[in-house]
Amino acid sequence: MLFKIDAETTSRPAGRIRQKNESIILRAAEIEFAAAGFKGASMNDIAQRAGLPKANIHYYFKNKLGLYMAVISDIIALWDSTLNVITPDDDPYEVLTHYIASKIRFSAENPLASRIFATELVNGAPNMKEYFHEDYNLWFKGRIEVFRAWAEQGKIDPEVSPEHLIFLLWSSTQHYADFAVQIKAALGKEELDDQVYQEAIDTLTHIILKGCGIAK
């Protein structure tokens, strides 16, 4: 998906980026934004959590919004990487099984990132105006065209709405990160383990493929 952000907002230093420090900063920022939200998190707190001087944070990310959007853009890139490249010639069985497994594994490994994105949207996406622009709509329409082509080719049930199928894929897979507290309480678990995630992958894959009329 095309994700335009003002260059002034996310300005980073020219030349070779010290990848290790940037990774540490992004991880610290993710924790702070998940705990305090965009408004509550501060560059000082992020610097302290990262164990780096505040000046180093500004060296990599011009301001708090730039750092926040870097965290968000990393989330979106991971989520959309599968659907970005699908074509009418692809096998929907392979595409959907890979997408479901990847999204749920992402929920298991990066729950804070998913919650940051969910919180942003619940609050009306005040910091993501550049995300929901014309290119976003064009990206979504492009995915819909592929799903409709699959239906025309008899690869999926034509009665299934491509739009609502994608909404279902988004919500069902992100549920395991955004509502982990509820799931843990329902299952009586302190933490969600690999078995829970694998059962989720197997169940959602079975239901969605069967509902779409897709056979192995």
Side-chain angles (χ1 to χ4, degrees), residues 1-85 102-137 139-140 170-171 173-182 184 190-192 197:
M1 184 188 304
L2 294 176
F3 188 19
K4 289 183 179 178
I5 306 174
D6 187 346
E8 285 297 311
T9 301
T10 58
S11 172
R12 300 187 187 182
R16 183 179 179 183
I17 303 297
R18 288 174 293 177
Q19 192 173 17
K20 180 179 178 181
N21 278 358
E22 188 173 71
S23 177
I24 291 171
I25 293 168
L26 287 170
R27 178 55 181 163
E30 183 180 275
I31 294 171
E32 288 297 322
F33 288 133
F38 175 74
K39 290 184 178 180
S42 71
M43 294 295 266
N44 279 331
D45 290 339
I46 292 169
Q48 288 179 11
R49 184 175 292 277
L52 295 169
K54 184 178 175 182
N56 283 36
I57 310 297
H58 286 289
Y59 177 75
Y60 290 99
F61 304 94
K62 185 174 181 180
N63 52 37
K64 186 171 73 169
L65 179 59
L67 180 51
Y68 182 78
M69 295 311 296
V71 171
I72 293 288
S73 64
D74 281 351
I75 299 166
I76 294 167
L78 285 168
W79 280 349
D80 292 341
S81 59
T82 300
L83 294 184
N84 276 345
V85 296
S102 296
K103 280 290 298 293
I104 291 182
R105 288 300 173 194
F106 180 87
S107 292
E109 296 166 8
N110 303 275
L112 296 183
S114 181
R115 290 170 205 161
I116 292 168
F117 182 81
T119 300
E120 175 71 20
L121 265 61
V122 166
N123 289 323
N127 302 297
M128 295 184 64
K129 301 304 182 185
E130 286 297 309
Y131 174 62
F132 294 110
H133 50 49
E134 183 178 357
D135 286 343
Y136 176 84
N137 186 256
W139 176 88
F140 185 75
W170 286 347
S171 60
T173 52
Q174 287 163 230
H175 184 84
Y176 292 89
D178 301 342
F179 295 91
V181 172
Q182 181 186 42
K184 285 186 283 189
E190 291 293 326
E191 296 296 337
L192 300 183
Y197 289 115

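Side chains included, hydrogens not; waters and symmetry mates left out as well; all remaining heavy atoms used. Everything numeric in this text was worked out from a predicted model, so none of it was measured.
Across all non-hydrogen atoms, the minimal contact from Ser114 to Asp178 is OG-OD1, 2.7 Å. Contact detail for Met43 and His58: the closest heavy-atom pair is CE-CE1, 3.7 Å. Residues Gln174 and Trp79 share a closest heavy-atom pair of NE2-CH2, 3.5 Å. Minimum heavy-atom separation, Ala180 to Leu192: CB-CD1, 4.3 Å. The two residues Asn56 and Tyr60 make their nearest non-hydrogen contact at O-CD1, 3.1 Å. Minimum interatomic distance between Ile24 and Ala50 (heavy atoms only, all atoms of both residues): CG2-O, 3.5 Å.
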Are Phe117 and Ile76 close enough, and set up right, to give a side-chain contact (heavy atoms from CB on, under 4.5 Å), and what steps lead you there? CA-CA 9 Å; Phe117 182 81; Ile76 294 167; 4.1 Å; yes
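The side chain to side chain donor-acceptor pair (under 3.5 Å) search around Arg105 returns Gln198, not counting sequence neighbours. Legend: residues meeting side-chain contact (heavy atoms from CB on, under 4.5 Å) with Lys39, ordered by chain and number and at least two apart, are absent. When the side chain to side chain donor-acceptor pair (under 3.5 Å) test is applied to Ser42, the partners found at least two apart in sequence or on another chain are Asp45. In this structure, the ring pair (Phe, Tyr, Trp, His ring centres under 6.0 Å) partners of Tyr68, at least two apart in sequence or on a different chain, are Phe33, Phe38. Phe179 meets the side-chain contact (heavy atoms from CB on, under 4.5 Å) test with His175, Gln182; sequence neighbours excluded. Evaluation of the side-chain contact (heavy atoms from CB on, under 4.5 Å) rule for Glu190 yields no partner, not counting sequence neighbours. Contacts of Asn110 classified as side chain to side chain donor-acceptor pair (under 3.5 Å), with partners at least two apart in sequence or in another chain: none. Remark: Ser107 engages no residue in a side chain to side chain donor-acceptor pair (under 3.5 Å) (not counting sequence neighbours). Judged as a side-chain contact (heavy atoms from CB on, under 4.5 Å), and not counting sequence neighbours, the contacts of Ala47 are Lys54, Ile57.
Side chain of Ser73 to backbone of Met69: a donor-acceptor contact under 3.5 angstrom is found.
The side-chain hydrogen bond (donor to acceptor under 3.5 Å, both in side chains) analysis of residues 26-36, with sequence neighbours excluded, yields the pairs Arg27-Glu30, Glu32-Arg49. Among residue pairs with one or both ends in residues 106-123, none qualify as salt bridge (charged side-chain N to carboxylate O under 4.0 Å, His left out); sequence neighbours excluded.
To the nearest 0.5 angstrom, Phe61 atom CZ is 4.0 Å from Leu26 atom CG.
The closest side-chain heavy-atom distance from Phe132 to Leu121 is below 4.5 Å.
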